[in-house]
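What follows is a set of notes on a single structure, which appears directly below.
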Amino acid sequence: QSVDGVLVEYEGRLADGTVFDASERHGGPQPMIAGQVIPGFAEALTKMQKGGKYKIHIPGKLAYGENPPPGSPFGPNADLDFDVHIVEIVPNAALMSGGGEVPGGGQPQQTPQPERAPVP
């Protein structure tokens with residue numbers, strides 16, 4: 001099964017309308033891979049097509065659940081709303097993300113190599 005990535009413009013809001021994140025804050029459309037986003041967003045991405053504009057409502061249990069990341073603007077089981085525009089779909093994106101930053105804002109999954117002490 002291929003892992004498709006997408007290049008998206010988005011705006012995410014809390015239930016009260018507060019914008020907590022938007023692609024324009026990061027310089028424009030952002031690359032994402034379904035396996036690296038919250039479950040509700042990943043599920044929605046699988047149903048989207050290039051050029052499409054969507055409004056997504058994600059119930060708290062499919063967002064950050066009962067334990068949102070510390071310091072985040074999300075309360076437990078907070079529902080999230082997104083406006084999403086699919087700019088591009090990138091087939092097999094996970095295979096192309098080797099090296100550099102992983103699309104979706106994560107860090108590359110490389111095993112850190114400890115520095116070797118000089119041998120006396």
Side-chain angles (χ1 to χ4, degrees):
Q1 163 184 338
S2 70
V3 178
D4 287 345
V6 292
L7 194 61
V8 299
E9 294 174 338
Y10 67 90
E11 182 177 89
R13 292 179 307 282
L14 303 175
D16 66 4
T18 301
V19 175
F20 64 84
D21 195 13
S23 55
E24 64 185 32
R25 293 183 186 173
H26 305 287
Q30 296 296 299
M32 294 184 182
I33 293 177
Q36 298 173 337
V37 295
I38 57 177
F41 202 93
E43 184 179 326
L45 286 176
T46 66
K47 299 175 168 79
M48 295 181 180
Q49 297 179 1
K50 179 180 174 180
K53 293 188 177 184
Y54 304 88
K55 290 188 178 295
I56 316 170
H57 175 78
I58 301 176
K61 67 182 179 182
L62 293 177
Y64 292 97
E66 293 183 16
N67 299 300
S72 73
F74 315 113
N77 293 313
D79 291 353
L80 305 179
D81 291 290
F82 288 90
D83 288 333
V84 179
H85 172 220
I86 304 299
V87 177
E88 188 66 69
I89 293 178
V90 184
N92 299 311
L95 301 178
M96 292 186 279
S97 65
E101 187 172 316
V102 175
Q107 293 297 317
Q109 296 189 357
Q110 298 174 348
T111 306
Q113 298 297 321
E115 289 187 26
R116 297 184 183 179
V119 177

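These numbers come from a predicted model, not from an experiment.
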Say whether, by atom type as modelled, one donor and one acceptor occur between the side chain of [X] and the main chain of [Y] under 3.5 angstrom.
X: Gln30; Y: Gly28; value: yes
X: Tyr54; Y: Leu45; value: no
X: Asp83; Y: Tyr10; value: no

So, for [X] and [Y], which heavy atoms are closest and what is the spacing to 0.1 Å?
X: Lys50; Y: Ile89; value: N-CD1, 3.5 Å
X: Ala63; Y: Ala78; value: CB-O, 3.9 Å
X: Gly5; Y: Ile33; value: CA-CG1, 4.2 Å
X: Ser72; Y: Pro69; value: OG-O, 2.8 Å

key: Under 4.5 Å side-chain linkage, directly or through intermediates, the cluster mates of Leu7   = Val87
Heavy-atom side-chain contact between [X] and [Y] under 4.5 Å:
X: Asp79; Y: His57; value: yes
X: Met48; Y: Val6; value: no
X: Leu80; Y: Phe41; value: no

query = Are Val19 and Ile58 connected, step by step, through hydrophobic side chains (Ile, Leu, Val, Met, Phe, Trp, Tyr) whose heavy atoms are closer than 4.5 Å?
reply = no
Could you give the distance from [atom1] ([X]) to [atom2] ([Y]), rounded to the nearest 0.5 Å?
X: Ile38; Y: Phe74; atom1: CD1; atom2: CZ; result: 7.0 Å
X: Leu14; Y: Asp21; atom1: CG; atom2: CG; result: 10.5 Å
X: Lys55; Y: Glu11; atom1: NZ; atom2: CD; result: 8.5 Å
X: Ile86; Y: Lys53; atom1: CD1; atom2: NZ; result: 11.5 Å

remark   = Residue pairs meeting side-chain hydrogen bond (donor to acceptor under 3.5 Å, both in side chains), one or both in residues 59-71, sequence neighbours left out, come to none
Glu24: partners by salt bridge (Lys or Arg N to Asp or Glu O under 4.0 Å), with sequence neighbours left out = none
